[in-house]
Amino acid sequence: MGRDIIADIITSIRNADIDQKERVKIVSTNITKNIVKILLREGFIENVRKHQESQKNFLVSTLRHRKTRKGKKINLKRISRPGLRIYSNYQQIPKILGGMGIVILSTSRGIITDREARLEKIGGEILCYIW
């Protein structure tokens with residue numbers, strides 16, 4: 001039985017945000033690199049660097065903590081999982097908080113956000129919601 005890498009990323013980021021940790025260490029795979037790029041581009045992560053420990057590659061991400069932020073945390077929710085895959089066409093991709101949050105999808109053109117999927121008019125597997 002394999003591990004759910006996406007759920008591991010989401011849980012690591014959520015736990016680090018709750019504990020107000022500055023950095024998160026994530027196992028480096030192609031999926032995790034693409035998701036971290038999206039989080040960096042959308043402003044949930046400040047920067048990312050590669051790190052190698054005992055012949056394993058990791059991504060060390062610095063979380064963005066706002067000093068005026070009281071009680072507001074990064075909310076991440078895993079949607080599609082190994083036991084139940086959730087797919088959507090581009091017209092039925094949900095809008096999170098009226099477009100303020102993002103939906104990360106796995107499509108035939110790679111891992112992209114809901115806005116990019118609507119622009120390119122492609123659907124795919126809904127991986128997670130972030131708001």
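Treat the numbers as computed from the prediction; the structure is a model and nothing was measured.
With sequence neighbours excluded, no residue forms a side chain to side chain donor-acceptor pair (under 3.5 Å) with Arg81.
In the hydrophobic clustering of this structure, Leu40 groups with Ile10; members are Ile, Leu, Val, Met, Phe, Trp, Tyr whose side-chain heavy atoms approach within less than 4.5 Å, directly or through other members. In this structure, Ile104 is not a member of the same hydrophobic cluster as Leu84, with clusters built from ILVMFWY side-chain heavy atoms closer than 4.5 Å. Under a hydrophobic clustering in which Ile, Leu, Val, Met, Phe, Trp and Tyr are joined whenever their side-chain heavy atoms come within less than 4.5 Å, directly or via other members, Ile86 and Trp131 fall into the same cluster. When the side chains of ILVMFWY residues are joined at heavy-atom separations under 4.5 Å, either directly or via intervening members, Phe58 and Val36 end up in two distinct hydrophobic clusters.
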Distance-only donor-acceptor hits, side chain of residues 116-126, under 3.5 Å, sequence neighbours excluded:
residue, atom, partner, partner atom, Å
Glu116, OE1, Thr113, N, 3.3
Glu116, OE2, Arg41, NH2, 3.0
Arg118, NH1, Asp114, OD2, 3.3
Arg118, NH2, Ile93, O, 2.9
Arg118, NH2, Pro94, O, 3.3
Glu120, OE1, Arg109, NH1, 3.0
Glu125, OE2, Ser80, OG, 2.6
Glu125, OE2, Arg85, NH1, 3.0

Which pairs of donor and acceptor atoms, one on a side chain in residues 22-29, lie under 3.5 Å apart (sequence neighbours left out)?
residue, atom, partner, partner atom, Å
Lys25, NZ, Glu53, OE1, 3.4
Lys25, NZ, Glu53, OE2, 3.2
Thr29, OG1, Thr32, N, 3.3
Thr29, OG1, Thr32, OG1, 3.2

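Here the straight-line distance linking atom CD1 of Ile6 with atom CD1 of Ile79 works out to 11.5 Å at 0.5 Å rounding. For the atom pair SG (Cys128) and CG (Leu76), the distance works out to 6.5 Å, reported to the nearest 0.5 Å. Once rounded to the nearest 0.5 Å, the distance linking CD1 of Ile96 with OH of Tyr129 reads 5.0 Å. Interatomic distance, Thr107 OG1 to Tyr90 OH, rounded to the nearest 0.5 Å: 14.5 Å. With rounding to the nearest 0.5 Å, the separation of CD1 in Ile35 from CG in Leu59 is 11.0 Å. Separation of atoms OG (Ser61) and CZ (Arg49) is listed at 9.5 Å; rounding is to 0.5 Å.
By the 4.5 Å heavy-atom criterion applied to side chains, Ile38 and Asn34 are not counted as neighbours. Inter-residue side-chain proximity for Lys33 and Ile31 is flagged as unmet; no heavy-atom pair is nearer than 4.5 Å. Taking the side chain as every heavy atom from C-beta outward, Arg78 and Leu127 approach each other to under 4.5 Å.
Ile18 approaches Lys73 most closely through the heavy-atom pair CG1-CD, 3.8 Å. Taking each heavy atom of Val60 and His51 in turn, the nearest pair found is CG2-CB, 3.8 Å. For Thr62 against Ile45, the heavy-atom pair with the smallest separation is O-CG2, 3.2 Å.
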| Residue pair Arg64, Glu42: steps toward the salt bridge (Lys or Arg N to Asp or Glu O under 4.0 Å) verdict | CA-CA 11 Å; Arg64 177 165 291 187; Glu42 295 291 329; over 6 Å; no

| Given Phe44 and Ile130, is the side-chain contact (heavy atoms from CB on, under 4.5 Å) satisfied, shown in steps? | CA-CA 9 Å; Phe44 292 102; Ile130 303 171; 3.4 Å; yes

| task | Step by step, work out the side-chain contact (heavy atoms from CB on, under 4.5 Å) result for Leu39 and Ile13. | result | CA-CA 11 Å; Leu39 294 175; Ile13 293 172; 3.6 Å; yes

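Under a 3.5 Å cut-off, the side chain of Asp17 and the backbone N or O of Ile74 do form a donor-acceptor pair.
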